[in-house]
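Below, all heavy atoms of this structure are taken into account, side chains as well, without hydrogens, waters or symmetry copies. So you know, we letter chains A, B, ... as the sequences are listed, proteins then strands, and number each from 1. The structure presented is a predicted model; accordingly, all values stated were derived computationally and were not measured.
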2 protein chains.
Amino acid sequence: MQAAPPQHLNPRKRPRQARSVATVEAIFEATIQVLLREGIHRLTTTRVAERAGVSVGTMYQYFPHKQALLYALNEHYLDLVAERVEAACRAQYGASTEAMVEALVTAYWQAKTERSEVTRALYRSAVELDNEALIDAFAKRMDAATMAMLKSAPDADYASIDLVNVTLLSVIFGTVRNVFERNLPSAQQLAIRRQLATMCLSYLKASGG
Amino acid sequence: MQAAPPQHLNPRKRPRQARSVATVEAIFEATIQVLLREGIHRLTTTRVAERAGVSVGTMYQYFPHKQALLYALNEHYLDLVAERVEAACRAQYGASTEAMVEALVTAYWQAKTERSEVTRALYRSAVELDNEALIDAFAKRMDAATMAMLKSAPDADYASIDLVNVTLLSVIFGTVRNVFERNLPSAQQLAIRRQLATMCLSYLKASGG
DNA sequence: TCAATATATGAAGGATCATTCATCTTTGGG
DNA sequence: CCCAAAGATGAATGATCCTTCATATATTGA
């Protein structure tokens, strides 16, 4: 995610020695842990530092403030998700519409639910964070990835591919989050996921796929 | 929303005189205002009281603590949304599948986006709030409302209506939220809404509607 | 009109937190 | 081996907040 972060959210300095690289990693990990175990209103710089096994001061060497830490964390996470979806899309170039939809739904769903507590924690950390730039960049990346995939379909000819594409993504991303947040039994989650894929496929077919 | 709130979130006492009814209303309104103008991390009991034109002490006569206030606020809001969707569903008993889907998508979409800043503010207020009971109750109400509507269709016979119904709701609710949060231009929002209705309709048709 | 009850006040207590900075320790290239 | 730069420390500061309670005012039914 190379969205230029809002000025004030820039990291303070980059780790140069192996020691500090480890420190920064520990801080990220600790942030997730605290978020998970204590919730966002108990996510304290001191607590994070403590769990990371460093002192508060150290944290402030790399992040100018708490928000910057959370920003960086979200950036990292979205990057992982984006990469996985992109890879899944690339793998389907020239494939059938059916394979494309299946791959897209599966890739996104898994990326989000594999470590669902972490995902949940990050959703929470993002509230009240100026991360519009992050979300935008993510959306654009996903848009480009799926668009390229759809265009490579040998048997498809969409009337308005932009609209079809943005709809597809909105529906998939939205549904995943909704199911995810309702914390339904996993059997039901799986069933819905299948239905979703079916629904998207018939939508694409009807739209020229 | 009659979900028994977690014990600790119960309101402290009910307003009995006209005066205090007005006070409670003012507090609700003020909470939304503060949430809107200042964000959740500046949502302070003092600030809310100030904006409501009462003293902090007064707030604590009706809400045992901040969380209880936010809980009550969300309860109120979800109630409004639920009522509107229920009414929309009731109005379509016996109608065509097409009319049903259109009505459902429109009702929910409008309920959420009509005062979109308020919706956004409430989404934020709900984070880090023990409102699972609220969400569950809301989901159940919606489930019942749409299920009754679908069953009343003269021309439909769904293989597994439970799954179809829960999928439909997940997709609609999820998509609305996704589009909503991405803050797309309203022309595009409208276009996606139309696509969504189309998509749901073809899904229902294919499922036996 | 007059208690009894309901409602409102807001200063003060107690707690938590984000952030800084003077000081100390470690690292790695020469 | 040495030292300049990098990294780490954590007590202290200043600010903000939630919540309480002793006190004051308003309302209502009799």
Side-chain angles (χ1 to χ4, degrees), chain A residues 7-31 34-35 37-73 124-125 127-130, chain B residues 7-31 34-35 37-73 124-125 127-130:
Chain A
Q7 186 61 27
H8 64 108
L9 290 179
N10 268 313
R12 186 160 273 177
K13 72 172 166 187
R14 308 202 146 278
R16 294 176 186 283
Q17 305 177 353
R19 186 168 45 140
S20 52
V21 171
T23 296
V24 170
E25 267 166 23
I27 291 174
F28 275 130
E29 186 55 33
T31 307
V34 173
L35 224 31
R37 284 176 180 47
E38 313 255 4
I40 215 194
H41 72 277
R42 305 206 67 205
L43 183 89
T44 290
T45 50
T46 317
R47 245 187 284 273
V48 168
E50 192 176 19
R51 178 150 221 115
V54 302
S55 79
V56 227
T58 298
M59 256 201 51
Y60 278 86
Q61 299 247 321
Y62 303 97
F63 306 98
H65 44 243
K66 223 174 94 170
Q67 285 217 342
L69 168 64
L70 295 177
Y71 188 93
L73 195 61
R124 296 188 159 190
S125 81
V127 169
E128 201 65 11
L129 180 63
D130 180 16
Chain B
Q7 185 62 27
H8 64 108
L9 290 179
N10 268 313
R12 187 160 273 177
K13 72 172 166 187
R14 306 200 148 278
R16 294 174 187 285
Q17 305 177 352
R19 188 168 43 139
S20 53
V21 171
T23 296
V24 169
E25 267 165 23
I27 291 174
F28 276 131
E29 185 56 33
T31 307
V34 173
L35 224 30
R37 284 176 181 46
E38 313 255 4
I40 215 194
H41 72 276
R42 305 206 67 205
L43 182 88
T44 290
T45 49
T46 317
R47 247 188 282 273
V48 167
E50 192 176 18
R51 178 150 221 115
V54 301
S55 79
V56 226
T58 298
M59 256 201 51
Y60 278 86
Q61 300 248 324
Y62 303 97
F63 306 98
H65 43 245
K66 221 175 95 169
Q67 284 216 343
L69 169 64
L70 295 178
Y71 188 92
L73 194 62
R124 296 185 161 193
S125 81
V127 170
E128 201 64 12
L129 181 64
D130 180 15

Write down the distance between [atom1] ([X]) and [atom2] ([N]), rounded to a whole number of angstrom.
X     : N      : atom1 : atom2 : value
B:L69 : D:dC17 : CG    : P     : 16 Å
A:K66 : D:dT16 : NZ    : P     : 16 Å
B:I40 : D:dC17 : CD1   : P     : 13 Å
A:M59 : C:dC17 : CE    : P     : 14 Å
B:H41 : D:dT16 : NE2   : C1'   : 11 Å
B:I27 : C:dT7  : CD1   : P     : 12 Å
B:E50 : D:dT16 : CD    : P     : 13 Å
A:F63 : D:dG7  : CZ    : C1'   : 14 Å

Does [X] have a side-chain nitrogen or oxygen under 4.0 Å from the phosphate oxygens OP1 or OP2 of [N]?
X     : N      : value
B:S20 : C:dA6  : no
B:Y60 : C:dA8  : no
B:R47 : D:dC17 : yes
A:T46 : C:dT16 : no
A:T45 : C:dA18 : yes
B:T58 : C:dT9  : yes
A:S55 : D:dA8  : no

Would you indicate whether the side-chain heavy atoms of [Y] and [X] approach each other to under 4.5 Å?
X     : Y     : value
A:Y60 : A:T45 : yes
A:V34 : A:R42 : no
B:T31 : B:L69 : yes

> Mapping B:Q17 and B:Q67 onto DNA chain D by nearest heavy atom, which one lands closer to the 5' end?
Replying inline: B:Q67
>> If you assign B:T23 and A:H65 each to the DNA chain C nucleotide with the nearest heavy atom, which residue ends up on the more 5' nucleotide?
In response: B:T23
>> Quick check: on DNA chain C, is the nucleotide nearest B:R14 upstream (toward 5') of the one nearest B:V56, or the reverse? Name the residue that is more 5'.
In response: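 Result: B:R14.
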> B:K66 and B:L43: which non-hydrogen atoms are nearest, and at how many Å?
Replying inline: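 Result for this residue pair: NZ-O, 2.9 Å.
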> Minimum heavy-atom separation for B:T23 to B:Y62, with atom names?
Replying inline: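 In this case the closest contact between B:T23 and B:Y62 is CG2-CE1, 4.4 Å.
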Of all the nucleotides listed ([options]), which has the minimum atom distance to the side chain of [X]?
X     : options                : value
B:V54 : C:dT19, C:dT9, C:dT7   : C:dT9
B:R19 : D:dT19, C:dA18, C:dA6  : C:dA6
B:T44 : D:dC17, D:dA11, C:dA18 : D:dC17
A:Y62 : D:dA8, C:dA6, C:dA11   : D:dA8
A:Q61 : C:dA8, D:dT9, C:dG10   : D:dT9

> Would you call the rings of A:H8 and A:H65 parallel, tilted or perpendicular if under 30° counts as parallel and over 60° as perpendicular?
Replying inline: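 Tilted: the ring planes of A:H8 and A:H65 meet at 30° to 60°.
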> Just checking A:L43: base, sugar-phosphate only, or nothing, at a heavy-atom cut-off of under 4.0 Å?
Replying inline: sugar-phosphate
